[in-house]
Amino acid sequence: MSHGRFDNPVVAALAGFWDIFRKQENADKLNDSHRFEGKKVIITGTSSGLGFALAVDMARRGAHVIMAGRSRIPEAGEMVMKQSGSRNVEMRYLDLSKIETIHAFVDGLVRDGIRPDVTVLNAGVALPKARKTASGQDEMFLVNYLSNVILTNLMVNRGVITPPVNGNLRQRIVFISSDSHQGSSAIDYSEFGLFYDYGVSKGIENYSYFKLVLNTYATEFSRRINNGVVNAGVNVICPGPVHSNIIREAPLPLRMILGAIFRIIFRSPAKAALPVVYMSFSDDYEGKTNEYLHMFNTKKMDPKVYLPEEGEKLWKESIRVWKEADPDFSEPILDKASI
Ligand SMILES: NC(=O)c1ccc[n+]([C@@H]2O[C@H](COP(=O)([O-])OP(=O)(O)OC[C@H]3O[C@@H](n4cnc5c(N)ncnc54)[C@H](OP(=O)(O)O)[C@@H]3O)[C@@H](O)[C@H]2O)c1
């Protein structure tokens, strides 16, 4: 069935164009003097684009940055150190299309006693056609959606994300999404997690649709981890149109058209990173959860995202697909009670 608001990639790219000129209401709340010494942040998908720029910005502001990526190890980390002037940067291997690496990544966090103040779930792909992963799912479904379910649940199960201790600030989880999720069709459970073939236009629809699914999960995760008391800030942000590598797999003619649009109109990753830095560390978000930013503007997500019955159903279906896909599946403790 049809999922997205856009079935044309050029229209989808241009849709972000007008957003750049909207007034940025919170833009003055982050400036160069804001520092985050003593804070620890995990960012996924840091080899390029927004994730790389986030690593540079946060490291420059004094945070301990853990770059979780599948490529350019250690080059990307060395570049981040050089550009930020900080040595407080490390790289860890994480390929979100391979579930076993998510387990190994969380094992490493537990082994090293890492309890991040902020986790930014940034990695994402835009694929021109369906591609089956070793565990049997479509790669875009797994990387852009299900891997985040697995990673966040394992982090909670293994005590990497826990309630605030000794008066510490609450941990934050920031989901990088896209405002293109607005208007995507309701979640279709008849095909949920199943692999099927698709081409470019369906791929563009699915990209937006999986962001709607991701936002619905983030909202349900926020409900479950908090259960009436804010234990963790679970928030969602769209960075706006970013001149990044996201179209790298598009067919050549399309890549040339989109590349020109990206170059001329889209914002640099360094600029797009700023609202994410703000949402990750600002006191304005202390004690808050299930917030949404579109660049620096506070907004609501698509109304479907907030329906408790949708969240409940999506949670169950996601855990079912995870269980089927993963021989090392472990029952989420958030299934039983709040932490
Ligand atoms: N560009 C935009 O206009 C735009 C707009 C709204 C939202 N976003 C979102 O912003 C996020 C970052 O995208 P971007 O625009 O910065 O694109 P990008 O330059 O292509 O960066 C994507 C990052 O995700 C990583 N990644 C891809 N597959 C992975 C996997 N299997 N395991 C681990 N990491 C993986 C990539 O690593 P490799 O280099 O190893 O592949 C890369 O570091 C995405 O969630 C995207 O949906 C982008």
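Both counts, for ligands and for their atoms, begin at 1 and track the order of listing. Numbers for residues simply follow the sequence, beginning at 1.
- Residue contacts with ligand 1 for His243 are absent, since no atom lies close enough (heavy atoms, distance under 4.0 Å).
- Tyr306 carries Lys300 over the face of its six-membered ring, with the cationic atom under 6.0 Å from the centre and within 45° of the normal.
- Backbone and side-chain nitrogen or oxygen atoms of Ser47 are examined, and one is located within less than 3.5 angstrom of a nitrogen or oxygen of ligand 1.
- Not a single heavy atom of Gly69 sits under 4.0 Å from any atom of ligand 1.
- Considering both main-chain and side-chain atoms, Leu50 comes within under 3.5 Å of ligand 1 through a nitrogen or oxygen pair.
- Set against the non-hydrogen atoms of Ile246, the atoms of ligand 1 under 4.0 Å away are 1 (N), 13 (O), 15 (O), 17 (O), 18 (P), 20 (O), 46 (C).
- Close approach of ligand 1 to Leu94 (heavy-atom distance below 4.0 Å) involves ligand atoms 32 (N), 33 (C).
- Here CG of Asn290 is found 5.0 Å from CE of Met301. Values are rounded to the nearest 0.5 Å.
- Atom NZ of Lys304 is surrounded by more than 12 heavy atoms from other residues, nucleotides or ligands within 6.0 Å.
- In this structure, Thr152 contributes its side chain and Val149 its backbone to a donor-acceptor pair below 3.5 Å.
- The single protein non-hydrogen atom nearest to atom 7 (C) of ligand 1 is Ser177 O, 3.1 Å, given as residue, atom name and distance.
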Determine, step by step, whether Phe192 and Phe141 satisfy the ring pair (Phe, Tyr, Trp, His ring centres under 6.0 Å) criterion, reporting the C-alpha distance in whole Å, the side-chain angles of both residues, the deciding distance to 0.1 Å, and the verdict. CA-CA 9 Å; Phe192 189 78; Phe141 171 80; 5.3 Å; yes
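- The aromatic rings of Phe262 and His243 sit perpendicular, their planes meeting at an angle over 60°, well past the 30° parallel limit.
- In terms of protein heavy atoms, atom 10 (O) of ligand 1 is closest to Ile176 CG2, 3.5 Å.
- Applying the 6.0 Å contact sphere to NZ of Lys299 captures more than 12 heavy atoms from other residues, nucleotides or ligands.
- Taking a cut-off of under 4.0 Å to the non-hydrogen atoms of Ser71, the atoms of ligand 1 that pass are 38 (P), 39 (O), 40 (O).
- Where the criterion is an N or O separation shorter than 3.5 Å, residue side chain and backbone included, Leu96 meets it with respect to ligand 1.
- Counting heavy atoms of neighbouring residues, nucleotides and ligands inside a 6.0 Å radius, atom CG of Asp283 does not exceed 12 of them.
- Looking at Asp95 against ligand 1, both its backbone and its side chain come within 4.0 Å, counting heavy atoms.
- In summary, the atoms of ligand 1 found under 4.0 Å from a heavy atom of Gly49, numbered by their order in the structure, are 16 (O), 19 (O).
- At least one heavy atom of Phe266 sits closer than 4.0 Å to an atom of ligand 1.
- Taking every non-hydrogen atom of Ser244 and a distance limit under 4.0 Å, the qualifying atoms of ligand 1 come out as 1 (N), 14 (P), 15 (O), 16 (O), 17 (O), 19 (O).
- With Thr44 as the partner, the side chain to side chain contact (heavy atoms under 4.5 Å, CB included) test is satisfied by one option alone out of Ile176, Val143, Asn122: Asn122.
- By the 4.0 Å N-to-carboxylate-O rule, Glu249 lies too far from Arg255 to be salt-bridged with it.
- A salt bridge links Arg224 with Glu312; the closest basic N to acidic carboxylate O contact falls under 4.0 Å.
- Heavy atoms of Arg248 approach ligand 1 to within less than 4.0 angstrom.
- Counting heavy atoms under 4.0 Å from ligand 1, residue Thr46 touches it through the backbone alone.
- Here Arg158 pairs with Asp107 in a salt bridge; the nearest charged N to carboxylate O distance falls below 4.0 Å.
- Protein heavy atom closest to atom 12 (C) of ligand 1, with residue, atom name and distance, is Asn122 OD1, 3.1 Å.
- Residue contact check: Val125 has heavy atoms under 4.0 Å from atoms 27 (C), 28 (N) of ligand 1.
- Counting atoms of ligand 1 from 1 in the listed order, those under 4.0 Å from a heavy atom of Gly240 are 3 (O), 4 (C), 5 (C), 6 (C).
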